[in-house]
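Below is one structure, written out as structure tokens; comments come after it.
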Amino acid sequence: MLRLAPALTPEIAVLLGRAMFPDPARIERALEAYRTEDSRQLFVWEVGGQIVSAAALRSNGQKAEVLHIGTRPDAGGRGYGRGLLHAIAAHLNLSQLTAETDDESVEFYRRSGFEIAEAPARGGRRRFWCVLSLP
């Protein structure tokens, strides 16, 4: 079940941190932006009253960008992340949802219905643009 998170809780921070470059200083800067920037929205997917997945977006009208998405390790592979993204898109009445990702996560976006294109490498790592066009 989709729920808009009114604030960044420690539980949500842990889930989003799973999708970030593993540098504590960078993670804290990203999380601080979720606490202070009004353009960022936090959503969670709950099952049985427990948060299993969280996503952070920056939206602009009918378009939004996925900034981070993370699922609990014990809940992975069950479609919760994909369900969360599609529920957010419907809830916000989006025409397009985008994300930039790396080799580790590109298949998640592909399986979730996103079109994938190579983006410029960054930090010596391949990057990908992911676009989900919605009716």
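Note: hydrogens, waters and symmetry copies are ignored here, and every other heavy atom, side chains too, is used.
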For Glu28, check side chain to side chain donor-acceptor pair (under 3.5 Å) against everything at least two apart and list the hits. Arg35

Atom pair CD/CG of Glu11 and Leu16 - distance to nearest 0.5 Å: 11.0 Å

Could you identify which residues cluster with Val14, counting Ile, Leu, Val, Met, Phe, Trp and Tyr as linked when any side-chain heavy atoms lie under 4.5 Å apart, either directly or through a chain of such contacts? none

For a 4.5 angstrom cut-off between non-hydrogen side-chain atoms, does Leu57 reach Ile88? yes

Can you pull out every side-chain hydrogen bond (donor to acceptor under 3.5 Å, both in side chains) where at least one residue sits in residues 107-122? Sequence neighbours excluded, please. Glu100-Arg122, Glu107-Arg110, Glu118-Arg126

Same cluster or not: Leu132 versus Leu67, using hydrophobic residues (I, L, V, M, F, W, Y) connected whenever any side-chain heavy atoms lie under 4.5 Å apart? no

Please name the residue in the list Ile69, Ile12, Val44 that meets the side chain to side chain contact (heavy atoms under 4.5 Å, CB included) test with Ser53. Ile69

Is there a chain of hydrophobic side chains (I, L, V, M, F, W, Y, each step under 4.5 Å between heavy atoms) that links Leu15 to Leu4? no

Let me see the working for Thr71 and Leu84 under side chain to side chain contact (heavy atoms under 4.5 Å, CB included), right down to the final yes or no. CA-CA 10 Å; Thr71 299; Leu84 175 58; over 6 Å; no

Taking atom CG of Asp103 as the centre, does the number of heavy atoms from other residues, nucleotides or ligands within less than 6.0 Å exceed 12? yes

Tell me every residue that passes ring pair (Phe, Tyr, Trp, His ring centres under 6.0 Å) with His68, counting only those two or more places apart in sequence or in another chain. Tyr34

Membership question, hydrophobic clusters at under 4.5 Å side-chain separation (ILVMFWY): are Phe128 and Phe108 in the same one? yes

Membership question, hydrophobic clusters at under 4.5 Å side-chain separation (ILVMFWY): are Leu31 and Ile51 in the same one? yes

According to a hydrophobic-cluster definition based on side-chain heavy atoms being under 4.5 Å apart (Ile, Leu, Val, Met, Phe, Trp, Tyr only), do Leu2 and Val52 belong together? yes

Under the 3.5 angstrom rule, does the side chain of Asp102 hit a backbone N or O of Ser105 as a donor-acceptor pair? yes

Please evaluate residues Phe114 and Leu97 with respect to the criterion side chain to side chain contact (heavy atoms under 4.5 Å, CB included), reporting the C-alpha separation (whole Å), side-chain torsions for both, the decisive distance (0.1 Å), and the verdict. CA-CA 9 Å; Phe114 286 71; Leu97 186 57; 3.9 Å; yes

Salt bridge (Lys or Arg N to Asp or Glu O under 4.0 Å) pairs touching residues 53-63, sequence neighbours excluded, are Arg58-Glu65

What pair of heavy atoms forms the shortest contact from Leu94 to Gly61, and how long is it? CD2-O, 4.1 Å

Does Leu92 reach the side chain of Phe43, with side-chain heavy atoms less than 4.5 Å apart? yes

Not counting sequence neighbours, which residues clear side-chain contact (heavy atoms from CB on, under 4.5 Å) with Ala7? List them please. none

Check step by step if side chain to side chain contact (heavy atoms under 4.5 Å, CB included) holds for Arg29 and Met20. CA-CA 11 Å; Arg29 282 193 304 272; Met20 297 179 194; over 6 Å; no

Quick test of your reading: applying side-chain hydrogen bond (donor to acceptor under 3.5 Å, both in side chains), list the pairs with at least one residue in residues 39-49, sequence neighbours left out, ordered by first then second residue. Arg3-Glu46, Glu37-Arg40, Gln41-Ser59

Identify the heavy atoms of Arg18 and Pro73 that sit nearest to each other, and give their distance. NH1-CG, 3.2 Å

Taking only residues at least two apart or on different chains, which pairs with a member in residues 73-98 satisfy side-chain hydrogen bond (donor to acceptor under 3.5 Å, both in side chains)? Arg72-Asp74

